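Heads up: the structure comes next, in structure tokens.
As the structure is a prediction and not an experimental result, all values here were calculated from the model. Every chain is numbered from 1 and lettered A, B, ... according to where its sequence line falls, protein lines coming before strand lines. Just the heavy atoms: all of them, side chains too, but no hydrogens, waters or symmetry mates, feed the values below.
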There are 2 protein chains.
Amino acid sequence: MTKVTAVSDSHLSGVAIWRRIADAVRLDIVGGKLARGDKLAGEVELAERFGANRHTVRRALQALAAEGVIRTEQGRGSFVDSAKRLSYRIGKRTRFSEGLAGQASELRRQVLGTRLENASASVAAALGLVSGAKVTRLDTVSLADGRPVSRATSWVGYRDFPEFAARFAEEQSTTAVFAGLGVSDYVRASTRISARHADAEETALLKLAPGAILLVSEGVDADVDGRPILYGLSRFPADLMELVV
Amino acid sequence: MTKVTAVSDSHLSGVAIWRRIADAVRLDIVGGKLARGDKLAGEVELAERFGANRHTVRRALQALAAEGVIRTEQGRGSFVDSAKRLSYRIGKRTRFSEGLAGQASELRRQVLGTRLENASASVAAALGLVSGAKVTRLDTVSLADGRPVSRATSWVGYRDFPEFAARFAEEQSTTAVFAGLGVSDYVRASTRISARHADAEETALLKLAPGAILLVSEGVDADVDGRPILYGLSRFPADLMELVV
DNA sequence: TCAACTTGTCTAATGAACTAGACAACTTAG
DNA sequence: CTAAGTTGTCTAGTTCATTAGACAAGTTGA
């Protein structure tokens with residue numbers, strides 16, 4: 001509502017003004033207020049709107065151009081150069097790639113690795129195990145049209161599914177692996193959603209600008225009898241993705 | 001995984017190192033890794049862990065102390081002084097105050113005001129109206145134990161419910177108003193969840209530190225025949241709240 | 001061609017953010 | 001009491017963020 005002080009208090013916030021302007025402009029784009037090809041307001045007008053200097057606005061636009069969100073042409077202006085946010089569908093039968101069906105022409109999942117580890121308190125609680133129990137951990141990054149769109153970690157109890165890692169190396173599909181291990185079907189039992197800043201590893205793997213915001217989805221999949229079989233922690237860049245329940 | 005460069009590149013990010021440290025420590029607290037009363041690592045150890053100077057860590061801790069998240073005592077250390085995140089339940093029959101039942105002793109909703117306006121493109125699309133149609137807009141802030149935990153805006157078509165604003169002024173309950181207008185029941189038809197930085201108005205109303213992250217939930221409620229009757233946009237501070245589907 | 005409007009580049013000054021080192025003040029365990 | 005470990009405070013220097021103003025260079029339409 002109020003336009004003045006829209007982006008002041010830079011000292012108190014610890015977030016640079018140019019970054020807040022970049023975030024605001026990006027939000028108009030991924031939120032749908034500006035479509036691909038649309039012309040942005042001029043640098044002078046943006047500077048007035050945000051109560052900042054033109055140089056500060058320029059730095060914000062440069063950051064957006066580096067991200068590939070806009071394109072700037074001397075003498076003409078800046079133009080939107082990216083599409084809307086992708087929607088990831090979450091439901092009772094959430095499976096990889098179904099959630100993004102139709103929104104990207106090429107979907108790929110990169111497996112970073114599997115390993116055996118001892119369950120942390122939260123993993124143990126989600127899977128109904130004692131803290132420290134052996135679990136198989138699977139780390140992946142998903143890409144839509146070559147762009148990383150999610151970083152996921154899954155945990156499966158080792159006692160119930162000792163062959164999970166070995167089979168996954170061949171099948172490359174959680175659904176197929178569970179099917180081969182006697183779990184014909186499974187459904188999403190619960191989902192918790194939160195948001196936070198990306199850490200250094202996530203920033204690198206998802207190719208984000210440092211300080212980017214992640215949507216975090218924590219879910220437990222259960223078999224037909226309601227027994228938890230898989231605990232998953234997925235992280236989505238909030239600029240690129242939204243979750244649809 | 002990698003510990004070095006954990007919080008470097010401050011120039012590229014536009015987010016101050018002290019703020020990123022504060023966010024990381026707060027995440028350990030609201031995420032449950034540290035419980036109320038626990039002692040944080042010493043300033044020197046934290047400085048090593050984040051690859052930053054002790055003064056920078058001190059600034060982060062001062063910000064957290066100002067938020068009321070920790071308490072620092074000379075010669076002793078810093079101690080956790082706040083609880084875990086609240087969970088807001090989202091389901092087919094999401095009603096205010098049910099979502100937070102049992103997690104706070106006092107729940108209150110402050111009505112900022114109602115007004116008549118012309119539907120924006122997104123509001124019109126959600127309610128199945130033509131763009132620019134008259135809609136009643138309701139703005140609220142919800143508080144749990146006196147602390148603001150959500151900022152919500154709702155839109156209701158004026159043509160279908162011309163008396164909405166007048167009745168709401170008396171009833172103060174959406175469910176009761178709809179009941180009085182002949183809608184005995186309604187369910188959540190769809191929910192979209194995203195995340196972004198808070199703007200100036202949200203920062204003020206929710207009493208946040210500038211640059212805070214919001215979880216944004218966008219939902220459409222429909223009557224028993226599936227006709228959309230209400231479009232709602234709720235914003236939750238990501239530090240305080242998580243959404244449970 | 002010209003005038004108006006756009007982005008690109010340069011210089012300069014101020015304040016915030018970060019680092020470095022040293023020492024004071026306080027708490028705790030021995 | 002003492003030593004070790006903790007937070008509090010000071011000085012000083014470097015780099016980044018932001019503002020201000022001026023002018024160059026490209027685009028557009030009259």
Side-chain angles (χ1 to χ4, degrees), chain A residues 4-25 37-66 69-81 197 200 209-211, chain B residues 4-25 37-66 69-81 197 200 209-211:
Chain A
V4 188
T5 82
V7 193
S8 67
D9 320 279
S10 66
H11 5 279
L12 298 173
S13 100
V15 179
I17 297 175
W18 65 264
R19 170 148 293 278
R20 289 195 268 167
I21 294 174
D23 289 340
V25 172
D38 280 3
K39 184 176 180 301
L40 269 64
E43 294 174 355
V44 177
E45 186 188 330
L46 286 173
E48 279 170 15
R49 184 186 307 173
F50 289 107
N53 191 274
R54 182 177 152 232
H55 293 95
T56 309
V57 169
R58 282 179 61 74
R59 175 140 195 203
L61 296 181
Q62 281 157 12
L64 292 173
V69 174
I70 65 168
R71 177 177 30 87
T72 299
E73 296 176 23
Q74 179 167 0
R76 300 193 64 213
S78 294
F79 301 86
V80 176
D81 197 23
H197 284 121
Chain B
V4 187
T5 81
V7 194
S8 66
D9 320 281
S10 67
H11 9 282
L12 298 174
S13 101
V15 180
I17 297 174
W18 67 263
R19 171 149 290 278
R20 287 195 268 167
I21 294 174
D23 288 340
V25 172
D38 280 4
K39 184 176 178 303
L40 268 64
E43 294 174 354
V44 178
E45 187 187 330
L46 285 174
E48 280 170 12
R49 185 187 305 172
F50 289 107
N53 191 275
R54 185 180 151 230
H55 292 94
T56 309
V57 169
R58 282 178 62 72
R59 174 140 195 202
L61 296 181
Q62 280 157 12
L64 291 173
V69 174
I70 65 169
R71 177 176 29 88
T72 300
E73 297 176 22
Q74 180 167 0
R76 299 193 65 214
S78 294
F79 301 86
V80 176
D81 197 24
H197 285 120

Does the side-chain contact (heavy atoms from CB on, under 4.5 Å) test come out yes or no for B/Arg49 and B/Leu46, once each step is laid out?
CA-CA 5 Å; B/Arg49 185 187 305 172; B/Leu46 285 174; 3.9 Å; yes
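- Note: CD1 (A/Ile17) to P (D/dA20) measures 11 Å, nearest angstrom.
- Taken over five-pair windows at either terminus, the axes of the helix from C/dT1-D/dA30 to C/dG30-D/dC1 are inclined to one another by 30° (rounded to 10 degrees).
- Atoms CD and CG, on A/Glu45 and A/Leu40 in that order, are 10.0 Å from each other to the nearest 0.5 Å.
- For the pair A/Arg71 CZ and C/dG8 P, the interatomic distance rounds to 12 Å; values are reported in whole Å.
- Considering only side-chain N and O atoms, A/Thr56 lies under 4.0 angstrom from the phosphate OP1 or OP2 of D/dT19.
- Atom CZ in B/Phe79 sits about 11 Å away from atom P in D/dT6, given to the nearest Å.
- Here C/dT19 presents its C1' atom at 17 Å from CG of B/Leu46, a figure rounded to the nearest Å.
- No side-chain heavy atom of B/Arg20 sits under 4.5 Å from any side-chain heavy atom of A/His197.
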List every contact pair, protein side and nucleotides 7-11 of chain D side both N or O, where the distance is under 3.5 Å.
unit_1 : atom_1 : unit_2  : atom_2 : d
D/dT7  : OP2    : B/Glu43 : N      : 3.1
D/dT7  : O4'    : B/Gly75 : N      : 3.1
D/dG8  : OP2    : B/Arg58 : NH1    : 2.8
D/dG8  : OP2    : B/Arg58 : NH2    : 3.3
D/dG8  : N7     : B/Arg54 : NH2    : 2.7
D/dG8  : O6     : B/Arg54 : NH1    : 3.2
D/dC10 : N4     : B/His55 : NE2    : 2.7

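- With rounding to the nearest 0.5 angstrom, the CD1 atom of A/Ile70 is 11.0 Å from the NZ atom of A/Lys39.
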B/Leu64 and B/Val25: CA distance, side-chain angles, deciding distance, side-chain contact (heavy atoms from CB on, under 4.5 Å) verdict
CA-CA 9 Å; B/Leu64 291 173; B/Val25 172; 3.7 Å; yes
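- Atom CD in A/Glu45 sits about 13 Å away from atom P in C/dC5, given to the nearest Å.
- Computed from coordinates, the A/Trp18 CH2 to D/dT18 P distance equals 8 Å when rounded to whole Å.
- Taking atom CZ of residue B/Arg20 and atom C1' of nucleotide D/dC16, one finds them 13 Å apart after rounding to whole Å.
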